[in-house]
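Keep in mind that what you see is a predicted model, and the values were worked out from it rather than measured. One-based numbering, in listed order, for ligands and for the atoms of each. What you see below is based on every heavy atom in this structure, not just the backbone, and it leaves out hydrogens, waters and symmetry mates.
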Amino acid sequence: MDDANTAAPCKQAPCRQEPCRQEPCRQAPEPRHYTIACSYCGRQYYDDGLILDCSADHEPALLRTQYDDGGFHPLTDRPGIFRYQRWLPVTGAQQDSGRTVVYRSHGLAGLLRLPNLWIAFNGFWPERGATLETATFKELEASTVLGRMPGADLILTVASSGNTGAAFAWACSQRQQSCVIVIPEKGLRRFNFRDSLHPCVNLVVIDDGDYPDAMEIASAVCRQPAFLAEGGVKNVGRRDGLATVLLSAFDEMKRLPSYYFQAVGSGTGAIAILEAAKRVRDATGDIAGPLMALPKLMLCQNLPFTPIFDAWRLGKRDPTGSIENFRHAVKQVYADELTNWLPPYATRGGVYDSLKESRGDVLVAGNAAARQAADLFHELEGIDIEPAAGVAVACLQDAIARRRVDREATILLNITGGGRGRMALERALVPAEPKLRLSRRLRTEEAVQQVTALCGAP
Ligand SMILES: [Zn+2]
């Protein structure tokens, strides 16, 4: 292994040089139970807990973890996500937190006549052991990203449509990690917690903005020395955290699913599922076995906001569309948590490559179908689910009706969020108050100044 990670821009304030020339930044990172490799050129790195990009000169490509333990060895004494700590890029003792609950469906499976339908439930459903405090699978990534970070005194910066921001706000509050969470105003309704947030959490709302507006401001804020970009799909912590959905499924099912249904905005979760499936397959040594074939990714979007569906249908590597059209479509969808018009589609190892490799497909559902599907799931399975999960259920129904999926196949349906209503019944939730409200028409540099002042950063 070379010392290539010293060529990445240093994130230690106030250094940030490329390559880093300051102590202690030049010191080798603490040894970890994994290394990082570029999915395009194979260049390897020690993980300093922060690296997001390969430093070689080539097109954008995702970094991936390579764990010393090549076997699937859950820590059986841990009930939560850190049951899979050997395959998570985290260091030290981690306080456990919730994980995906996987069970075989009877209600929905009976109606759709799917004898091998499994549910991967992410949310709050105590009777089933589901205890995610913010009711979506975004909590899996927040726990892992924070567990990966070194003890750097930087302000973690996250852009979100709502659910990711809520997960990070809660996780940062619990760990007292300083952070800035930037969200569009309509995402604020997801910021209800069982306790007040710690003052280290700085919630910034864009009153008339959409998710990409939050991304733009967060990106500009991160260019300031005191702030650290969470990194989204580029953060191996985020993807390996989401990958535990598949690890929980394999733990329960003892095989890989043939089809995997999930609603997508960015598609980060779907990329992570395929990465995890390959890791599990390789661990079993049963690469050609019928139970270990890679699952077909069946990605689901909510009409009329469908950039991934449109690009896939047209066979294009890049989603295209005018921002004005996207903004118009965002206002019309039921599942606004899926409204990312800058998904990592063309990136090497991203959504397009994952769809191709898995021989998957992209499906769509309208608002009425998604609402009905969410109600149907509640009636048949016994728990309320998020709009995005309703989209996935509707797309599954449609795929079955159109015979795009073999009824006998083993299907894993990711319910990416649920139980928010169930939680509200038994807990007095505390709504979070934004510390700063911005207009998307504000000049970016003014927005950055206001956020920097809010955080007391130099
Ligand atoms: Zn590379």
Side-chain angles (χ1 to χ4, degrees), residues 1-12 15-21 25-70 87-91 141 144-145 148-150 152 154 157 215 219 222-223 228-243 266-279 281-282 294 297 311 316-319 340 342-358:
M1 180 173 301
D2 60 28
D3 63 350
N5 60 328
T6 59
C10 180
K11 277 291 186 183
Q12 297 295 326
C15 173
R16 302 216 167 199
Q17 302 299 308
E18 183 181 349
C20 171
R21 298 292 182 201
C25 323
R26 287 175 63 86
Q27 294 176 357
E30 288 290 311
R32 297 192 177 209
H33 61 289
Y34 62 94
T35 53
I36 302 270
C38 172
S39 63
Y40 185 80
C41 72
R43 194 168 189 176
Q44 291 201 310
Y45 300 85
Y46 292 113
D47 190 17
D48 60 0
L50 303 170
I51 185 172
L52 298 174
D53 294 292
C54 179
S55 58
D57 184 20
H58 56 65
E59 63 186 282
L62 297 179
L63 299 178
R64 290 190 179 131
T65 45
Q66 293 181 333
Y67 293 98
D68 297 344
D69 186 349
W87 281 4
L88 289 172
V90 298
T91 57
E141 62 190 37
T144 313
V145 166
R148 180 187 173 223
M149 282 178 62
L154 295 168
T157 308
M215 292 167 74
S219 174
C222 287
R223 289 193 281 274
L228 175 69
E230 183 274 324
V233 70
K234 296 197 292 186
N235 192 322
V236 293
R238 186 184 269 224
R239 299 206 315 283
D240 283 5
L242 293 173
S266 72
T268 301
I271 297 167
I273 290 296
L274 187 65
E275 290 174 338
K278 287 191 280 190
R279 184 165 281 153
R281 182 194 62 182
D282 294 347
L294 295 179
L297 299 180
K316 294 162 60 175
R317 264 202 90 96
D318 281 301
N340 181 348
L342 299 169
Y345 188 79
T347 304
R348 288 286 168 188
V351 174
Y352 178 84
D353 286 346
S354 299
L355 280 166
K356 277 282 184 190
E357 185 173 4
S358 78

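Under the 3.5 Å distance criterion, the side-chain polar atoms of Arg239 are left unmatched by any main-chain donor or acceptor of Glu275. With hydrogens and angles disregarded, no donor-acceptor distance shorter than 3.5 Å links the side chain of Asp47 to the backbone of Thr35. A donor-acceptor pair is defined here as one N or O able to donate and one able to accept, closer than 3.5 Å; no such pair exists between the side chain of Arg64 and the backbone of Ala37.
Protein N/O/S atoms nearer than 2.8 Å to the Zn ion (ligand 1) total 4.
When the options Tyr67, Tyr45, Trp87 are evaluated for a ring-ring contact (aromatic ring centres under 6.0 Å, His included) with Tyr34, the one that passes is Tyr67.
Every side-chain contact (heavy atoms from CB on, under 4.5 Å) that Ala61 has, sequence neighbours left out, goes to Cys38, Ser39, Tyr40, His58, Arg348.
A salt bridge links Asp240 with Arg279: the closest approach of a Lys/Arg side-chain nitrogen to an acidic carboxylate oxygen falls below 4.0 angstrom.
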